[in-house]
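Every heavy atom of this structure was used, including side-chain atoms; hydrogens, water molecules and symmetry mates were not. Computed from a predicted structure; not experimentally measured. One is the number of the first residue; the rest follow in order along the sequence.
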Amino acid sequence: MTTMLPVIALLLGAQDDWTPRSPRDEIRPAFSREKASLVITHDAREGLDGWYERSFPVTGGGWYAFRALRKTEGVAFPRRSAMARIVWLGADGRIPRVDPEDAGKDGRPVPTAEPEHPRDGAVDAQGWTSVAGVFHAPPKAVKAVVELHLQWAPNGRAEWREPVFEEGARPPVRTARLAAVHYIPKGKSPKENREEFAPLLAEAAKRRADLVVLGETVPSARVAKPPHEVAEPIPGPTTEYFGELAKTHGLHVVLSLYERDAHLVYNAAVLLGPDGRLLGKYRKVCLPHGEVEKGIAPGKDFPVFDTAFGKVGLMVCYDGFFPEVARELANRGAEVIAWPVWGCDPLLAQARAAENRVHLVSSTFMDAKADWMVSAVFNPAGRPIASADAWGTVAVAEVDLNRPFVGPYNLGDFGAMVPRHRPPGR
């Protein structure tokens with residue numbers, strides 16, 4: 001049993017415990033202590049970089065919680081410039097290896113425990129941003145160095161207040177069972193297209209799925225009518241039908257359909273909840289030639305929806321050819337991206353999952369043998385962990401959304417690092 005660390009609240013008398021640091025004197029910013037805050041200030045020069053740091057003893061294999069409040073002025077990208085880091089050190093003063101359990105079992109070397117990056121949270125009425133996280137100390141760690149940064153922010157200022165580093169509880173497992181349906185309807189009519197998916201949703205429910213992803217433009221697929229003739233409102237017949245199935249089976253369901261809104265037609269993906277309600281929709285932003293030529297309008301928003309198991313983002317088919325859509329969904333907190341997709345390069349499915357460190361669930365109308373997309377669940381490493389290759393089958397994978405992806409030859413928990421390191425304005 002480890003000994004409880006004292007909670008370090010940053011009061012005026014505790015500020016001397018934090019040491020100012022900079023990589024080099026020529027890029028050193030100004031450091032000051034004001035009331036209960038640690039302050040870092042940059043002048044007009046580019047590239048200044050500095051932080052406050054403090055070391056804490058840790059027990060290898062233990063769980064530790066960090067939290068602090070941060071306020072910035074004149075900082076263009078606080079997520080990038082005003083971050084906290086936690087650096088693990090072993091008895092030899094070097095960064096130790098991560099826990100092999102966290103590194104996967106693919107036979108490659110266990111990587112070093114790269115710095116942790118607590119995430120930005122809510123902003124209060126006074127403009128203070130909560131920065132927090134819970135982290136697993138590597139087995140050989142004896143020390144954690146906590147850093148409070150301001151970097152690359154000409155004329156910027158950052159205040160850090162009330163940093164706490166203490167023993168924490170291991171995050172609970174947050175299980176989600178993700179399912180991809182592999183089926184293309186016959187195209188006799190929108191009504192019959194919808195009904196053909198009923199047994200597949202029943203099968204997904206039998207296998208205890210939480211989220212089931214169906215294909216693109218389900219009601220009109222293979223129906224010999226142009227989009228504007230089969231488009232329908234949302235909510236409308238399709239959302240009502242699949243909403244009833246979602247409620248019957250207690251599932252979250254995602255599919256795409258052509259939506260009519262006044263004179264406009266969109267290719268929209270919808271998310272239905274296990275109570276049958278419409279939780280939200282996403283209008284396809286990236287349109288291929290064929291849809292543009294038929295008068296389909298592009299969407300412009302990237303909503304992310306809270307569900308009982310986690311945050312879900314939606315994208316549709318051609319969106320997957322471009323990194324911006326999945327990236328923006330991830331930027332907004334998506335942990336799972338549901339992707340109805342007629343066909344696409346399967347390498348791009350892997351890329352969209354891996355580059356954002358999210359789970360991605362695709363449902364395609366392409367034969368698996370064509371090598372032009374697959375109905376599958378991809379993990380944050382970009383690997384398909386369950387796939388449905390035969391028509392009329394359902395792939396289901398159980399994942400832990402609280403488990404960070406830490407794998408061989410990577411940079412650490414890259415999912416937490418993306419907001420800190422991605423370029424400005426992206």
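- When side chains are defined from C-beta on, Val230 does not count as touching Pro219, because their heavy atoms never get closer than 4.5 Å.
- A donor-acceptor pair is defined here as one N or O able to donate and one able to accept, closer than 3.5 Å; such a pair exists between the side chain of Asp275 and the backbone of Arg277.
- Put simply, the residue from Arg67, Arg80, Arg79, Arg420 that forms a salt bridge (charged side-chain N to carboxylate O under 4.0 Å, His left out) with Asp120 is Arg420.
- For the atom pair CD of Glu147 and CE of Met83, the computed distance is 7.5 Å after rounding to the nearest 0.5 Å.
- Counting heavy atoms from C-beta on, the side chains of Lys281 and Val270 come closer than 4.5 Å.
- When all heavy atoms are compared, the tightest approach of Pro163 to Ala68 is CA-CB, 3.8 Å.
- Thr217 places no side-chain N or O within 3.5 Å of a backbone atom of Ser256 that could act as its donor or acceptor partner.
- Using cut-offs of 30° and 60° for the angle between ring planes, the Trp342 and Phe365 rings count as perpendicular.
- Within a 6.0 Å sphere centred on NZ of Lys140, heavy atoms belonging to other residues, nucleotides or ligands number 12 at most.
- Rounding to the nearest 0.5 Å places CE of Met366 at 10.0 Å from CG of Asp371.
- Contact record, Tyr266 with Asp261: CE1-CB, 4.1 Å, taken as the closest heavy-atom pair.
- Judged by distance alone, with hydrogens and angles left aside, the side-chain atoms of Asn402 form no donor-acceptor pair with the main-chain N or O of Val173 at under 3.5 Å.
- In this structure a side-chain-to-backbone donor-acceptor pair under 3.5 Å is present from His136 to Gly61.
- Side-chain atoms of Ser362 never come within 3.5 Å of backbone atoms of Trp339 as a donor-acceptor pair (strictly under, hydrogens ignored).
- If you take CG on Leu255 and CG on Leu314, they are separated by 10.0 Å, rounding to the nearest 0.5 Å.
- Using a 30° and 60° split on the angle between ring planes, His182 and Trp391 fall in the parallel class, below 30°.
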Could you walk me through whether Val336 and Val399 pass the side-chain contact (heavy atoms from CB on, under 4.5 Å) check?
-> CA-CA 10 Å; Val336 177; Val399 302; 5.8 Å; no
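- Looking at heavy atoms from C-beta onward, Arg327 lies in side-chain contact with Asn356 at the 4.5 angstrom threshold.
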Step by step, would you call Val253 with Leu245 a side-chain contact (heavy atoms from CB on, under 4.5 Å)?
-> CA-CA 9 Å; Val253 177; Leu245 288 178; over 6 Å; no
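- Taken from CG in Leu347 to CE in Met373, the straight-line distance is 10.0 Å, to the nearest 0.5 Å.
- For the residue pair Leu401 and Gly310, the shortest heavy atom distance occurs at CD1-CA, 4.3 Å.
- Between the side chain of Tyr282 and the backbone N or O of Val304, no donor-acceptor pair lies under 3.5 Å.
- Distance alone, capped at 3.5 Å, is enough to place a donor-acceptor pair between the Glu196 side chain and the Lys186 backbone.
- Using a 4.5 Å cut-off on side-chain heavy atoms (C-beta onward), Tyr64 and Thr59 make contact.
- Side-chain N or O atoms of Glu335 include one that pairs as donor or acceptor with a backbone N or O of Lys311 at under 3.5 Å.
- For the pair Thr307/Leu271, a side-chain contact is recorded, criterion being any heavy-atom separation below 4.5 Å from C-beta on.
- The aromatic rings of Trp51 and His149 lie parallel to each other, their planes meeting at an angle below 30°, with 60° marking the opposite boundary.
- The CG atom of Asp413 lies 11.5 Å from the CZ atom of Arg403; values are rounded to the nearest 0.5 Å.
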Yes or no on salt bridge (charged side-chain N to carboxylate O under 4.0 Å, His left out) for Glu159 and Arg157, after CA distance, side-chain angles and deciding distance?
-> CA-CA 7 Å; Glu159 290 184 59; Arg157 182 178 189 271; 2.9 Å; yes
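- At least one side-chain heavy atom of Pro115 sits less than 4.5 Å from a side-chain heavy atom of Val87.
- The backbone N or O of Ala82 lies less than 3.5 Å from a partner atom in the side chain of Arg70, making a donor-acceptor pair.
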Going through the checks in order, is the side-chain contact (heavy atoms from CB on, under 4.5 Å) test met by Val212 and Leu214?
-> CA-CA 7 Å; Val212 186; Leu214 313 182; 4.1 Å; yes
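- The line from CZ of Phe414 to CZ of Phe405 is 11.0 Å long, rounded to the nearest 0.5 Å.
- For the pair Ser81/Leu150, a side-chain contact is recorded, criterion being any heavy-atom separation below 4.5 Å from C-beta on.
- With a 4.5 Å cut-off on side-chain heavy atoms, Val218 and Phe242 count as touching.
- The backbone N or O of Cys286 sits less than 3.5 Å from a side-chain atom of Asp319, completing a donor-acceptor pair.
- In terms of heavy-atom proximity, Trp88 sits nearest to Ala113 at CD1-CB, 4.1 Å.
- Between Phe322 and Tyr318, the ring planes lie perpendicular to each other; the angle is over 60°, past the 30° to 60° tilted range.
- Aromatic pair Phe135/Phe66: centroids not less than 6.0 angstrom apart.
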CA sep, side-chain torsions, deciding dist, call: Leu69, Trp160, side-chain contact (heavy atoms from CB on, under 4.5 Å) | CA-CA 6 Å; Leu69 296 175; Trp160 290 94; over 6 Å; no
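- Taking each heavy atom of Pro78 and Thr72 in turn, the nearest pair found is CG-OG1, 3.7 Å.
- Minimum heavy-atom separation, Val418 to Glu355: CG2-O, 4.0 Å.
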